[in-house]
Each structure stands twice: as structure tokens, then as C-alpha cells.
Amino acid sequence: QVQVVESGGDSVQAGGSLRLSCAASGHISSRYCMGWFRQASGKEREGVAAIDSASKVRYADSVKGRLTLSRDNTNNTLNLQMNSLNPEDTGMYYCAASAGYCFFGGTVTGLDTDGYNYWGQGTQVTVSS
């Protein structure tokens, strides 16, 4: 069984920063694909950033240059440093992990929800103007 637990969500002013962390435990490799997704009220869940088994990173266009994804393979954690936050970044942020090795390329971007098998409960990020 695999558990995924997020932390770090908070309320901040526009222009502020947050660091989200995700810990994956159980029967999971540190090289499996992992990603961060977010869901704003009334909207569909969307991919924010993801890393594949070759450590290739993908970002959604809306967050490029502001968010940085990193993975610590020694303890299976995935961190998302978020800078220059704006109100459009508000939402529940979910961490997800795949059930096997995966590699980004072609139509596989890592930012689609159907590429992941394990999900955390989410951590709320609220950015006020």
C-alpha cells in the first residue's frame, strides 16, 4: 500500500512564497513519476509540475518561472517552491505518484491526472490580493 501526504499549504498575500512538501511511503520507488496538481473551486484538477523516472521536470505554462519542483530520492519527498504567488494560484494542491516507472515525451507530459495511481488528501493554498 502507498501513502501520499502533503503539507505546507497556507494563506499568503499576493507576491508571497510558499513551499509545499509531499512524502510518499509504502511500496513505491523514489524513481516513479510524481507530480503536483491543483483544483480551484468549481474547476477541474489541473497539473502544475511533475517529474519523471529520468528526473525530467515539466511545468504548466501558467507557473513557469515562478514554481520550482525538486525531489529528494533518499526519503521519497517531492517539494514545490512557489514564488510570486497570485490569487489565480489559489486552490487545493494535491500530490500524486505513479504505480511504476514513466518517462515524459510525446503526448506524455506528466500533467494529466490519468497518469497517476496514488493521491494525497491535499493541502490548501490561498492567495489574497
Side-chain angles (χ1 to χ4, degrees):
Q1 190 164 349
V2 174
Q3 281 192 319
V4 177
V5 180
E6 306 96 335
S7 62
D10 205 344
S11 297
V12 297
Q13 295 284 328
S17 298
L18 281 175
R19 184 177 176 84
L20 305 184
S21 292
C22 169
S25 60
H27 190 64
I28 186 169
S29 166
S30 62
R31 307 300 291 185
Y32 289 175
C33 283
M34 292 187 73
W36 282 98
F37 293 75
R38 68 186 179 192
Q39 188 166 16
S41 180
K43 294 188 177 181
E44 292 188 355
R45 193 171 298 187
E46 61 175 356
V48 175
I51 186 167
D52 75 359
S53 300
S55 298
K56 184 181 293 183
V57 179
R58 287 286 184 266
Y59 295 99
D61 289 342
S62 60
V63 305
K64 284 180 180 176
R66 301 188 298 115
L67 273 58
T68 303
L69 187 69
S70 61
R71 174 157 65 182
D72 185 342
N73 291 332
T74 59
N75 57 16
N76 241 355
T77 58
L78 186 71
N79 299 308
L80 185 66
Q81 178 65 41
M82 304 192 297
N83 300 325
S84 301
L85 288 165
N86 59 63
E88 288 69 39
D89 295 314
T90 294
M92 187 69 78
Y93 282 68
Y94 298 91
C95 180
S98 66
Y101 296 99
C102 73
F103 300 92
F104 299 160
T107 59
V108 180
T109 66
L111 300 178
D112 297 316
T113 58
D114 58 6
Y116 297 88
N117 304 87
Y118 308 109
W119 292 83
Q121 294 299 306
T123 186
Q124 179 68 35
V125 172
T126 303
V127 184
S128 56
S129 57

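For the single chain, residues carry numbers from 1 onward in sequence order.
For the disulfide (SG to SG under 2.5 Å) condition, the pairs that include at least one residue of residues 32-64, sequence neighbours left out, are Cys33-Cys102. Pairs of residues two or more places apart, or lying in two chains, that qualify as ring-ring contact (aromatic ring centres under 6.0 Å, His included) and include a residue from residues 69-104 are Tyr32-Tyr101. Counting only residues at least two apart or in different chains, salt bridge (charged side-chain N to carboxylate O under 4.0 Å, His left out) contacts with residues 85-104 comprise Arg38-Asp89, Arg66-Asp89. Applying the salt bridge (charged side-chain N to carboxylate O under 4.0 Å, His left out) test to pairs two or more places apart or on separate chains, none has a residue in residues 116-129.
Not a single side chain to side chain donor-acceptor pair (under 3.5 Å) links Ser70 to another residue, sequence neighbours left out. Not counting sequence neighbours, the partners of Gln124 by the side chain to side chain donor-acceptor pair (under 3.5 Å) test are Thr126. For Lys64, the side chain to side chain donor-acceptor pair (under 3.5 Å) partners two or more places apart in sequence, or in a different chain, are Asp61. Take Thr77 and apply the side chain to side chain donor-acceptor pair (under 3.5 Å) test, not counting sequence neighbours, and it matches Asn75.
At distances below 3.5 Å, not a single donor-acceptor pair connects side-chain atoms of Gln39 with backbone N or O atoms of Gly91.
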With a 3.5 Å cut-off and sequence neighbours excluded, list the donor-acceptor pairs that the side chains of residues 107-116 form with protein atoms.
{"from": "Thr109", "atom 1": "OG1", "to": "Leu111", "atom 2": "N", "distance (Å)": "3.1"}
{"from": "Tyr116", "atom 1": "OH", "to": "Gly110", "atom 2": "O", "distance (Å)": "2.7"}

Please list, one pair per line, the donor and acceptor atoms closer than 3.5 Å that link side chains of residues 19-30 to other protein atoms, with sequence neighbours excluded.
{"from": "Ser21", "atom 1": "OG", "to": "Asn79", "atom 2": "OD1", "distance (Å)": "2.8"}
{"from": "Ser29", "atom 1": "OG", "to": "Arg31", "atom 2": "N", "distance (Å)": "3.0"}

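Of the inter-residue distances, the one linking Arg71 atom CZ with Leu78 atom CG reads 7.0 Å to the nearest 0.5 angstrom. Put simply, CG on Leu80 and OG1 on Thr123 are 11.0 Å apart, with the number rounded to the nearest 0.5 Å. Note that the CG atom of Leu67 and the CD atom of Gln81 stand 8.5 Å from one another [nearest 0.5 Å]. Rounded to the nearest 0.5 angstrom, Trp36 CH2 and Leu69 CG are separated by 9.0 Å.
Connection of Leu18 to Val48 is established within a shared hydrophobic cluster, with ILVMFWY side chains joined at heavy-atom distances below 4.5 Å, either directly or through further cluster members. Linking Ile, Leu, Val, Met, Phe, Trp and Tyr whenever their side-chain heavy atoms come within less than 4.5 Å puts Met92 and Phe37 in one cluster.
Ala14 and Pro87 make their closest contact through CB-CD, 4.2 Å (heavy atoms, listed as atom of the first residue, atom of the second, distance).
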